[in-house]
Amino acid sequence: MNESIVYSISVQNFKKGLNNLVHILDKAAKHAEAKKYTIEVLLNSRLYPDQFHLIKQIQIVCDTAKLCVARITGKDAPKHEDSETTLGELNDRITSVIKYLDTYKEEDFTTMAERTVTQPRWEGKYLTAFEYLTQHAIPNFYFHLTTSYAILRHNGVEVGKKDYLGEMPYKS
């Protein structure tokens, strides 16, 4: 398994998505201020009554990124209490996960081919580390990142595809 590719599709993409989320949340704060309501209105918004609100979406984005790389490399992930209620606390959480991801190097993924991942709700079943990364963690990360974006867009925050995609490594 090519550690460089795995590092890129996991750590680098998670960091990019999290940094884009910080940018989008900054736009949300400016929007709320301009419209004269508190940011907590947006943080507690959801697209549908049975769906998680924005705070929980962000917590899951962070958890998915940190737990994925920890599980596929055999390292310990930092713990978060899911007690965030403010934009500052959410930004702190995102920043802490980015800093955690910064501790990883390509060589941390050398033993990934030997690893499996399981969770209690899977009732004794498991995935290979690569299957977990590509079929569970990456889709889950982008599902909750996209839902975060959609909640803000639905509430009038002027974010677009460029905000979601972020900086591109264009070549000339």
Side-chain angles (χ1 to χ4, degrees), residues 1-27 43 52 54-84 86-152 159 161-172:
M1 186 161 304
N2 186 319
E3 293 85 17
S4 176
I5 291 172
V6 173
Y7 173 81
S8 181
I9 65 172
S10 62
V11 172
Q12 297 293 26
N13 274 318
F14 290 152
K15 283 173 45 179
K16 181 179 180 182
L18 290 167
N19 279 307
N20 293 348
L21 182 56
V22 169
H23 168 73
I24 289 168
L25 290 172
D26 182 55
K27 284 186 125 180
L43 298 180
F52 291 135
L54 180 59
I55 291 171
K56 187 66 173 174
Q57 300 291 343
I58 294 167
Q59 291 167 339
I60 295 171
V61 168
C62 290
D63 287 352
T64 301
K66 72 180 183 185
L67 292 173
C68 171
V69 294
R71 288 172 176 155
I72 67 176
T73 62
K75 294 187 174 194
D76 292 326
K79 294 189 180 1
H80 293 95
E81 297 301 318
D82 290 348
S83 59
E84 296 87 4
T86 68
L87 180 58
E89 291 169 345
L90 289 167
N91 277 325
D92 288 347
R93 182 172 181 153
I94 296 167
T95 300
S96 76
V97 173
I98 292 169
K99 286 180 181 175
Y100 171 70
L101 294 173
D102 282 338
T103 67
Y104 281 85
K105 308 217 175 334
E106 290 177 11
E107 49 272 12
D108 292 321
F109 296 87
T110 56
T111 62
M112 187 178 136
E114 306 152 16
R115 296 194 180 283
T116 60
V117 177
T118 189
Q119 295 182 25
R121 69 177 186 269
W122 295 353
E123 301 174 347
K125 297 175 185 154
Y126 69 91
L127 296 171
T128 67
F130 188 75
E131 290 168 336
Y132 173 74
L133 169 66
T134 59
Q135 295 185 40
H136 180 81
I138 290 173
N140 194 56
F141 178 84
Y142 284 109
F143 174 86
H144 292 284
L145 183 65
T146 301
T147 303
S148 298
Y149 167 91
I151 289 169
L152 294 173
V159 290
K161 189 183 287 188
K162 286 185 179 183
D163 298 302
Y164 179 83
L165 294 176
E167 295 291 320
M168 301 299 287
Y170 294 118
K171 316 290 188 279
S172 57

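Computed from a predicted structure; not experimentally measured.
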Take I60 and N140 through the side chain to side chain contact (heavy atoms under 4.5 Å, CB included) test and state the conclusion after the steps.
-> CA-CA 9 Å; I60 295 171; N140 194 56; 4.0 Å; yes

Verdict with supporting geometry, D163 and H23, side chain to side chain contact (heavy atoms under 4.5 Å, CB included) = CA-CA 7 Å; D163 298 302; H23 168 73; 2.7 Å; yes

Show your working on side chain to side chain contact (heavy atoms under 4.5 Å, CB included) between T147 and L54 and close with a plain yes or no.
-> CA-CA 8 Å; T147 303; L54 180 59; over 6 Å; no

Starting from the C-alpha separation in whole Å, work towards a yes-or-no answer on side chain to side chain contact (heavy atoms under 4.5 Å, CB included) for E131 and H136.
-> CA-CA 7 Å; E131 290 168 336; H136 180 81; over 6 Å; no

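Atoms CZ and OG, on F143 and S148 in that order, are 10.0 Å from each other to the nearest 0.5 Å. Interatomic distance, Y149 OH to L21 CG, rounded to the nearest 0.5 Å: 12.5 Å.
L152 places none of its side-chain heavy atoms less than 4.5 Å from the side chain of K27. Counting heavy atoms from C-beta on, the side chains of E3 and E107 never come closer than 4.5 Å. Under the 4.5 Å side-chain criterion, counting only non-hydrogen atoms from C-beta, T110 is not in contact with T73. Between L127 and W122, some side-chain heavy-atom pair lies under the 4.5 Å cut-off. Within the 4.5 Å cutoff, side-chain heavy atoms of I94 are placed close to those of I98. In this structure, I151 and Q57 have side chains that are in contact, with non-hydrogen atoms separated by less than 4.5 Å.
Ring geometry for H144 against F52 counts as tilted: the plane angle lies between 30° and 60°, on a 0 to 90° scale. Relative ring orientation between Y7 and F109 is described as perpendicular, the plane-to-plane angle rising above 60° on a 0-90° scale split at 30° and 60°. Classified by interplanar angle (parallel below 30°, tilted 30° to 60°, perpendicular above 60°), the ring pair Y100/Y104 is perpendicular.
At distances below 3.5 Å, at least one donor-acceptor pair connects side-chain atoms of N20 with backbone N or O atoms of Y164. S8 places no side-chain N or O within donor-acceptor distance of the main-chain N or O of S4, the cut-off being under 3.5 Å.
Scanning for side chain to side chain contact (heavy atoms under 4.5 Å, CB included) contacts around A65 gives F14, L18, V97, L101, F141, with sequence neighbours left out.
Within the structure, the salt bridge (charged side-chain N to carboxylate O under 4.0 Å, His left out) test picks out the following pairs touching residues 65-80 (sequence neighbours left out): D63-K66, K75-D108. Screening residues 5-25 for salt bridge (charged side-chain N to carboxylate O under 4.0 Å, His left out) gives K15-D102 as the qualifying pairs, with residues at least two apart or on separate chains.
Summarising the geometry of P139 relative to L133, their closest heavy-atom pair is CD-O, 4.2 Å, with the distance given to 0.1 Å. Residues I72 and R115 share a closest heavy-atom pair of O-CD, 3.1 Å. When all heavy atoms of T86 and L43 are compared, the pair lying nearest together is C-CD1, 3.8 Å.
Side chains of S96 and H80: a donor-acceptor N/O pair is present below 3.5 angstrom, by distance only. Defined by atom type and a distance below 3.5 Å, a donor-acceptor pair is missing between the side-chain atoms of T118 and Y132.
Within a 6.0 Å radius of CD in E114, more than 12 heavy atoms belonging to other residues, nucleotides or ligands are found.
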